[in-house]
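A short write-up of the structure that comes next.
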Amino acid sequence: VQLQASGGGLVQAGGSLRVSCAASGRTFTSYALGWFRQAPGKEREFVAAIGWTGITTYGADSVKGRFTISRDNAKNTVYLQMNALKPEDTAIYYCAADASRVEVTTNPSYWGQGTQVTVSS
C-alpha cells in the first residue's frame, strides 16, 4: 500500500483544516487507516484510526470532539477533519495503514510521507 498525504498548511487558532491521504496498491477496503502526528521535539503520537467497517478510534483526549476521521472507499482516501485548532496541534501529520485495526493504532505496517500543519496563535 502506498500512501500520499496532502492538505496541510497554515491556519489561525480556532480555524479548521482537512488533511487527506490517498492510497494505492492493494485493496483499500481491506485496511484499517490511521493518522499520527509528531510535533517538534516530541514523539510521534496516535491521533485517530478507522477500520474498514467505519469503526473509529481516537487517541489523545485533546483531539476528541475536535477531530473526525473518515474514509471514502470509492476514492481510496482517508480524511482527518480538524476543527477548533490550537497552536499545540502544530505537527507533521502522517497517515498510516495496516490490515489490523489494533496494529494501525500502535505499529502500522505502512506510512505516508507526512503533511505539515501549523496553527498560529
Side-chain angles (χ1 to χ4, degrees):
V1 175
Q2 291 80 44
L3 303 168
Q4 181 72 39
S6 62
L10 174 64
V11 63
Q12 289 187 333
S16 298
L17 197 64
R18 188 179 76 165
V19 291
S20 305
C21 179
S24 61
R26 296 188 178 183
T27 307
F28 179 77
T29 54
S30 299
Y31 285 81
L33 303 162
W35 287 97
F36 288 72
R37 67 183 182 184
Q38 187 166 20
K42 295 187 177 181
E43 293 186 353
R44 190 175 298 185
E45 68 170 346
F46 166 68
V47 176
I50 184 167
W52 64 272
T53 61
I55 296 174
T56 58
T57 304
Y58 291 91
D61 288 340
S62 62
V63 307
K64 293 177 181 178
R66 298 189 299 122
F67 290 12
T68 302
I69 188 171
S70 62
R71 64 190 292 166
D72 185 335
N73 290 336
K75 296 182 178 180
N76 286 4
T77 301
V78 59
Y79 305 97
L80 184 69
Q81 176 68 44
M82 301 180 287
N83 298 327
L85 283 162
K86 305 175 182 179
E88 51 263 44
D89 294 318
T90 295
I92 299 174
Y93 284 72
Y94 298 89
C95 57
D98 197 278
S100 164
R101 187 164 63 87
V102 174
E103 287 293 314
V104 79
T105 68
T106 57
N107 187 31
S109 299
Y110 305 96
W111 291 92
Q113 87 288 2
T115 185
Q116 177 71 49
V117 172
T118 303
V119 184
S120 63
S121 57

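In this text the structure is predicted, and so the values were computed from the model without any measurement. We count residues from 1, following the sequence as given.
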Show me the donor-acceptor pairs, under 3.5 Å and distance only, between side chains in residues 44-54 and residues at least two apart or in other chains.
residue, atom, partner, partner atom, Å
E45, OE2, R37, NE, 2.6
E45, OE2, R37, NH2, 3.0

Taking atom [atom1] of [X] and atom [atom2] of [Y], what is their separation to the nearest 0.5 Å?
X	Y	atom1	atom2	result
N73	K75	CG	NZ	12.0 Å
I92	F36	CD1	CZ	15.0 Å
S121	K86	OG	NZ	14.0 Å

Does some side-chain heavy atom of [Y] sit less than 4.5 Å from a side-chain heavy atom of [X]?
X	Y	value
L10	S120	yes
L3	Y94	no
T68	Y79	no
Y110	D98	no

Please enumerate all residues that pass side-chain hydrogen bond (donor to acceptor under 3.5 Å, both in side chains) together with [X], with sequence neighbours excluded.
X	value
R66	D89
R101	none
S100	none
S62	none

Might you work through the side-chain hydrogen bond (donor to acceptor under 3.5 Å, both in side chains) test for T77 and D72, ending with a clear yes or no?
CA-CA 5 Å; T77 301; D72 185 335; over 6 Å; no

Identify, with sequence neighbours excluded, every residue that meets side-chain contact (heavy atoms from CB on, under 4.5 Å) alongside [X].
X	result
S6	S20
S16	Q81, N83
V11	L85, V119
T115	A5, V19, Y93

Heavy-atom pair of closest approach, residues W111 and A96:
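Scanning both residues completely, I find the closest heavy atoms to be CE3-CB, 4.0 Å.
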
Show the nearest heavy-atom pair for residues L33 and I69, with the distance to one decimal.
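What the structure gives for the nearest pair is O-CD1, 3.9 Å.
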
Apart from V102 itself, what residues make up its hydrophobic cluster, given side-chain heavy atom links below 4.5 Å?
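Traced through the cluster, V102 reaches no other member.
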
One pair to check against side chain to side chain contact (heavy atoms under 4.5 Å, CB included): F67 and L80. What are the steps and the verdict?
CA-CA 7 Å; F67 290 12; L80 184 69; 4.2 Å; yes

So if you build clusters from Ile, Leu, Val, Met, Phe, Trp, Tyr with side-chain heavy-atom gaps below 4.5 Å, do V78 and V104 land together?
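No; V104 is not reachable from V78 via cluster members.
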
Set of salt bridge (charged side-chain N to carboxylate O under 4.0 Å, His left out) partners for K42, sequence neighbours left out
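For K42, no residue satisfies salt bridge (charged side-chain N to carboxylate O under 4.0 Å, His left out) once neighbours in sequence are set aside.
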
Within residues 64-121 or reaching into it, pairs that qualify as disulfide bond (SG atoms under 2.5 Å apart) - sequence neighbours excluded:
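Sorted pair list: C21-C95.
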
